Amino acid sequence: MTLTAQIRHAAHNALAHLYPDVTIDIATILVNETKPEFTGDYTVVIFPFLKLLKQKPDVIGKQLGDYLVGKTDLFTGYEIVSGFLNLTVKESYWVSFLLNHYTDTHYGERAKVDRRVMIEYSSPNTNKPLHFGHLRNNFLGAATAEILKAAGNEVIKANLINDRGIHICKSMIAWMRYANGATPEQTGIKGDHLVGDYYVKFNDVYKEEVKKLVAAGADEKTAEKEAPIMKDAQELLRKWEAGDTEVRRLWQQMNGWVYAGFDVTYKKLGISFDKQYYESDTYLLGKQIVEAGLNKGVLYKKEDGSVWVDLRDEGLDEKLLLRGDGTSVYMTQDLGTAKLKYDEYKLDQSVYVIADEQNYHMQVLQLIMKKLGEPCAAGIYHLSYGMVELPTGRMKSREGTVVDADDMAAEMIKLAQEQTESSGKTEGFTQEELTKLYEMIGLGALKFYLLRVEPRKKMIFDPKESIDLHGYTATFIQYAHARICSILRKEDVPVTPDASLFASFKQSTELLPLERSIILALEQYPTILADAADELNPSALCNYSFQLAQLFNTFYDAHSISKAESEEKKSLRLMTIILTASVLRHAMKLMGISLPEKM
RNA sequence: GGCCCGGUAGCUCAGCUGGAUAGAGCACCAGCCUUCUAAGCUGGGGGUCAUUGGUUCGAAUCCAAUCCGGGUCACCA
């Protein structure tokens, strides 16, 4: 049990003893960290009990404080400051905490629970390469998956590839018209980029054609519909749906190029999946669900044969599920895929990492499933995140105003190299080690930058200002870790020692304030991790890790570890920094960020 | 217009199940390297927590209204 939970229970018991006639809900007992300007480690807030107990805060505080110090084995003393009971935790508690955990490389993880979660993320379209905005999605999905695993869940990482539809047909038609058969092999251009170039080309040509038609007297809407290249793309889509061999062949070829490109990007970024869904396999699945819904009377048909669901009672609108010609729309596909996922895996939860522009869509998806009585409905959860924007506004692939993911990764690695070289820190590394180090620093900074903000919030990225390697960054945490490893190296202590190392440790002197606060922070890690898992919020771990690294840096500056005042102090501090490094590594690993032993 | 989300220091963000004098980073200013890695540490300036009202011992946090910004409400995906 965590320390705060122990304190809450102890206080609850104490009040039950002191005031047997009054029942106090344990939820009203608030245990906070004591503010640094007061003596103590944790604080019980007395105010909520005043009315119930009909007593003054100081009286309750004294009774509670005396009881807790006298009857439990947790505290050495207390202070009451205007309604706040500040408790000081026993030295021996902190020391045995350290002894119990400094060898535990899985510290903070929860035991396996019987809960299976799928998390769908990335889910790219195959008409263009990944851009900076997609990176947020990928990192968020990957980190959340790891956090859920650490919290004891069985996790399936899924990617739903949007490999069919008008968007890829646009790339195809532009390629057919303008590429002269260019391939990635021939041009040396990465496959996803090559296909993306023709997507941009399509839009350039399209814009020109629309302009011409408008100049010739057409109104804008008609021009947009009648532009020849658009009509060609739509014709291509019809042929694709009819199974035209030639079209399918080109489609497969171009998708193949894109997948080869994606593989390189995913590998570079450390993104992986357990299960791939392809929309070309699943896009027809929803129709059966709609049929069943019609039979149940949950859905209804309009005169033209289109099928709808009425969500006006739920405060939403009517929503189309099948077109008049019987073809399915986006929502229909998603109904089918949601059911497929559930049927295949019997999921307790199905998480969708999707930008917040689809909040309404996801709400409707879940509602329809609920109305249809599908068992998958309850588990659907939209992990909604704000989009990454440029100072000029949203990124638009079709206008080519995007920060490319591959470029961004390469630039960050280059920046890491420049900074390392300019501060003269390359000594003692082989070229191979340096290459690895630059990747760790560059990609770490990139991931941290995108994960440190709460998912829900949108973020603005200015490409002119490169991502910082100082302050609230992965680099800062990596640096603290490298410093710890450096000390351990010099002391000839392994980074992950076994329990024999400090087996004979005995505590006799008091902990210094900085020693206390760093151990206190370490004790909170399991709580932080559990909360991050419950909220599906990796930014909580970024925050915590930064604070812990900061605490270490302050400590490092104030007290020597290798030249501690005594052997006892030295051992205690070694245990502290070993666990600190271990926790930092653990938390950052969940973010997909590695920490170097030297930098 | 309906629904959803955001508005905290010059900038980027924590804090939001109500708790002590609202915290970090960047930027700015002043210090700290014959001592374990200065990608660091210490200190300083900088705030009507969008506005107004309410709830109460106590509100950045909860409620209501308003203002600003964004998203969405397609037989697009």
Side-chain angles (χ1 to χ4, degrees), chain A residues 27-28 30 32 34-35 37-38 43 45-48 50-51 57 81-84 86 125 162 164-167 279 283 302 304-308 314-331 333-334 355-361 363-364 384 386-387 389 393-394 416 419-420 422-423 425 441 445 449 452-454 456-462 465 468-480 482-491 539-540 542-544 546-547 549-550 552-564 570 573 577 598-599:
Chain A
T28 64
L30 186 66
N32 287 335
T34 304
K35 299 262 172 210
E37 53 268 37
F38 303 103
T43 296
V45 186
I46 303 297
F47 295 110
L50 303 188
K51 269 191 189 153
V81 184
S82 60
F84 296 91
N86 300 330
N125 291 355
N162 193 356
R164 50 139 246 126
I166 191 69
H167 49 82
E279 218 172 78
Y283 82 108
K302 287 193 177 173
D304 62 356
S306 58
V307 179
W308 296 74
E314 284 82 4
L316 305 175
D317 301 314
E318 291 176 284
K319 189 86 191 167
L320 176 92
L321 295 181
L322 281 182
R323 296 188 184 101
D325 63 7
T327 57
S328 52
V329 293
Y330 182 47
M331 180 59 78
Q333 303 172 27
D334 276 3
D356 59 8
E357 59 181 350
Q358 295 199 39
N359 284 356
Y360 179 73
H361 175 81
Q363 195 188 348
V364 170
S384 167
M387 308 228 262
E389 295 178 8
R394 283 168 70 163
Q419 301 254 339
T420 308
S422 72
S423 51
K425 300 207 171 207
I441 297 172
Y449 181 83
R452 68 185 194 180
V453 180
E454 208 190 336
R456 173 168 14 112
K457 301 211 173 167
K458 72 173 180 196
M459 43 197 307
I460 294 167
F461 172 68
D462 188 347
E465 297 167 20
D468 209 336
L469 300 183
H470 299 271
Y472 185 26
T473 62
T475 317
F476 184 96
I477 294 162
Q478 289 170 324
Y479 185 65
R483 277 177 145 181
I484 291 174
C485 291
S486 172
I487 297 168
L488 297 178
R489 233 179 356 258
K490 288 184 178 159
E491 290 301 319
S539 75
C542 292
N543 246 299
Y544 170 83
F546 175 68
Q547 279 170 32
Q550 215 173 20
F552 165 76
N553 277 332
T554 302
F555 184 89
Y556 176 92
D557 205 62
H559 306 292
S560 176
I561 288 130
S562 55
K563 291 181 185 147
K570 184 166 168 177
R573 288 176 191 173
I577 65 169
K598 281 196 293 184
M599 69 185 278

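Since this is a predicted model, take the numbers as computed values, not measurements. The basis for the numbers below is simple: all heavy atoms, side chains too, and nothing from hydrogens, waters or symmetry mates. Proteins come first, then strands; the chains are lettered A, B, ... in the order of their sequence lines, and each starts at number 1.
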Q: Ignoring hydrogens and angles, are the base of rA20(B) and the side chain of N86(A) linked by a donor-acceptor pair under 3.5 Å?
A: yes
Q: Expressed in whole Å, how much space separates the P atoms belonging to rU61(B) and rU17(B)?
A: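 The same atom, P, in both gives a distance of 11 Å.
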Q: When the ring centroid of F84(A) is compared with that of F38(A), is the distance short of 6.0 Å?
A: no
Q: Whole angstroms only, please: what is the OH-P distance between Y544(A) and rA24(B)?
A: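 Those two atoms, OH and P, are 18 Å apart.
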Q: How does protein contact run along nucleotides 3-13 of chain B, one letter per nucleotide 5' to 3', with B for base contact, S for sugar-phosphate only, - for none, heavy atoms under 4.0 Å?
A: -SSSS----SS
Q: Which nucleotide, in any strand shown, forms a Watson-Crick or G-U wobble pair with rC16(B), with both distances under 3.5 Å?
A: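 Here rC16(B) is not engaged in any pair, so there is no nucleotide opposite it.
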Q: Might you point out which heavy atoms bring T475(A) and A445(A) nearest each other, and give the distance in Å?
A: OG1-CB, 4.4 Å
Q: Flag this pair as yes if the NZ/CZ of R164(A) is under 6.0 angstrom from the six-membered ring centre of Y283(A) and inside a 45 degree cone about the axis; otherwise no.
A: yes
Q: With a distance cut-off below 6.0 Å to the six-membered ring centre and an angular limit of 45° from the axis, does R452(A) pair with F546(A) as a cation-pi contact?
A: no
Q: I'd like the C1' distance from rA24(B) over to rG70(B), given in whole Å.
A: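 rG70(B) and rA24(B) have their C1' atoms separated by 26 Å.
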Q: Take the protein atom CG of L320(A) and the nucleotide atom C1' of rC76(B), then report the distance between them rounded to whole Å.
A: 11 Å
Q: Considering only NZ, NE, NH1 and NH2 on the basic side and carboxylate oxygens on the acidic side, decide whether E37(A) and K35(A) come within less than 4.0 Å.
A: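 No, no charged N to carboxylate O under 4.0 Å.
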Q: Expressed as a whole number of Å, how far does the C1' atom of rG58(B) sit from that of rU72(B)?
A: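 rG58(B) and rU72(B) have their C1' atoms separated by 39 Å.
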Q: Starting at atom CD1 of I166(A), determine the distance to atom P of rA77(B), rounded to an integer number of angstrom.
A: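 It works out to 9 Å between those atoms.
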Q: If you measure from the C1' atom in rU48(B) to the same atom in rG44(B), how many Å do you get, rounded?
A: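 Here rU48(B) and rG44(B) have their C1' atoms 23 Å from each other.
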Q: Name the pairing partner of rC62(B), where a pair is Watson-Crick or G-U wobble with both distances under 3.5 Å, or state none.
A: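 Pair assignment: rC62(B) / rG54(B).
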Q: Let me know the distance between CD1 of I46(A) and C1' of rG18(B), rounded to the nearest Å.
A: 17 Å
Q: P atom, rU35(B) versus rC26(B): distance in rounded Å?
A: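 That atom pair is separated by 25 Å.
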Q: For the base of rG71(B) and the side-chain ring of Y360(A), does the geometry meet a stacking cutoff of under 5.5 Å between centres and under 30° between planes?
A: no
Q: Where do L469(A) and Y479(A) land on the side chain to side chain contact (heavy atoms under 4.5 Å, CB included) test, with the steps shown first?
A: CA-CA 10 Å; L469(A) 300 183; Y479(A) 185 65; over 6 Å; no
Q: Which nucleotide, in any strand shown, forms a Watson-Crick or G-U wobble pair with rG47(B), with both distances under 3.5 Å?
A: none
Q: Across all strands shown, which nucleotide pairs with rG6(B) by Watson-Crick or G-U wobble geometry, both distances under 3.5 Å?
A: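 Paired with rG6(B), as far as the under-3.5 Å criterion goes, is rC68(B).
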Q: Would you mind classifying the nucleic acid contact of F546(A) as base, sugar-phosphate or nothing, using non-hydrogen atoms under 4.0 angstrom?
A: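 Sugar-phosphate, no base atom in range.
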Q: Using atom P of each nucleotide, how far apart are rC36(B) and rG46(B) to the nearest Å?
A: 37 Å
Q: What is the distance, rounded to the nearest whole Å, between atom CG of N32(A) and atom P of rG18(B)?
A: 12 Å
Q: In the structure shown, which nucleotide is the Watson-Crick or G-U wobble counterpart of rG1(B), with both distances under 3.5 Å?
A: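 Matched rG1(B) with rC73(B) under the 3.5 Å cut-off.
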Q: Let me know the distance between CD of Q547(A) and P of rG25(B), rounded to the nearest Å.
A: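 Result: 11 Å.
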Q: Exactly one of T34(A), T43(A), N86(A) should register a side-chain contact (heavy atoms from CB on, under 4.5 Å) with V81(A). Which one does?
A: N86(A)
Q: Counting distance only, does the side-chain N/O of S423(A) pair as donor-acceptor with the main-chain N or O of Q419(A) below 3.5 Å?
A: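 Between the backbone of Q419(A) and the side chain of S423(A) there is a qualifying donor-acceptor contact (under 3.5 Å).
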Q: Is there a donor-acceptor contact under 3.5 Å linking the side chains of T473(A) and D468(A)?
A: no
Q: CZ of R394(A) versus P of rG69(B): gap in Å, rounded?
A: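 Rounding to the nearest Å, CZ of R394(A) and P of rG69(B) are 17 Å apart.
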Q: Rounded to the nearest angstrom, tell me the gap between atom NZ in K302(A) and atom P in rA74(B).
A: 11 Å
Q: Which atoms of nucleotides 55-57 of chain B (N or O only) lie under 3.5 Å from a protein N or O atom, and what are those distances?
A:
from    : atom 1 : to     : atom 2 : distance (Å)
rC57(B) : OP1    : K51(A) : NZ     : 2.8

Q: Indicate the atoms forming the closest heavy-atom contact of A482(A) with M599(A), along with that distance.
A: CB-CG, 3.7 Å
Q: Could you check rC33(B) for me: syn (within 90° of 0) or anti?
A: syn
Q: Using heavy atoms to find the nearest nucleotide of RNA chain B for D468(A) and Y330(A) separately, return the residue whose nucleotide is more 5′.
A: D468(A)
Q: What integer number of Å spans the C1' atoms of rC49(B) and rG23(B)?
A: 12 Å
Q: What does the B/S/- profile of nucleotides 31-40 of chain B look like, 5' to 3', with a 4.0 Å heavy-atom cutoff to protein?
A: ----SBBSBS
Q: Contact class for N162(A) vs. all strands (heavy atom < 4.0 Å): base, sugar-phosphate, or nothing?
A: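 Touches sugar-phosphate only.
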Q: Output the distance between atom NZ (K425(A)) and atom OG1 (T420(A)), rounded to the nearest 0.5 Å.
A: 9.0 Å
Q: Using only atom types and a distance under 3.5 Å, with no angle test, would you say the side chain of R323(A) pairs donor to acceptor with the backbone of S328(A)?
A: yes
Q: Base, sugar-phosphate alone, or nothing: which one does G165(A) contact when heavy atoms must sit under 4.0 Å apart?
A: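 If one applies the 4.0 Å heavy-atom cut-off, G165(A) turns out to touch nothing in the nucleic acid.
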Q: Minimum heavy-atom separation for H361(A) to D334(A), with atom names?
A: NE2-OD2, 2.8 Å
Q: Roughly how far apart, to the nearest Å, are rC16(B) and rC11(B) at atom C1'?
A: 23 Å
Q: Please work out if T327(A) contacts a base, only the sugar-phosphate, or nothing of the nucleic acid, heavy-atom cut-off 4.0 Å.
A: nothing
Q: Have a look at E279(A) and say if it touches a base, only the backbone sugar-phosphate, or nothing, with a 4.0 Å heavy-atom cut-off.
A: sugar-phosphate
Q: Please determine if E491(A) and R573(A) form a salt bridge, counting it only when a charged side-chain N lies under 4.0 Å from a carboxylate O.
A: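 Looking at R573(A) together with E491(A), the answer is no, because their closest N to O distance does not fall below 4.0 Å.
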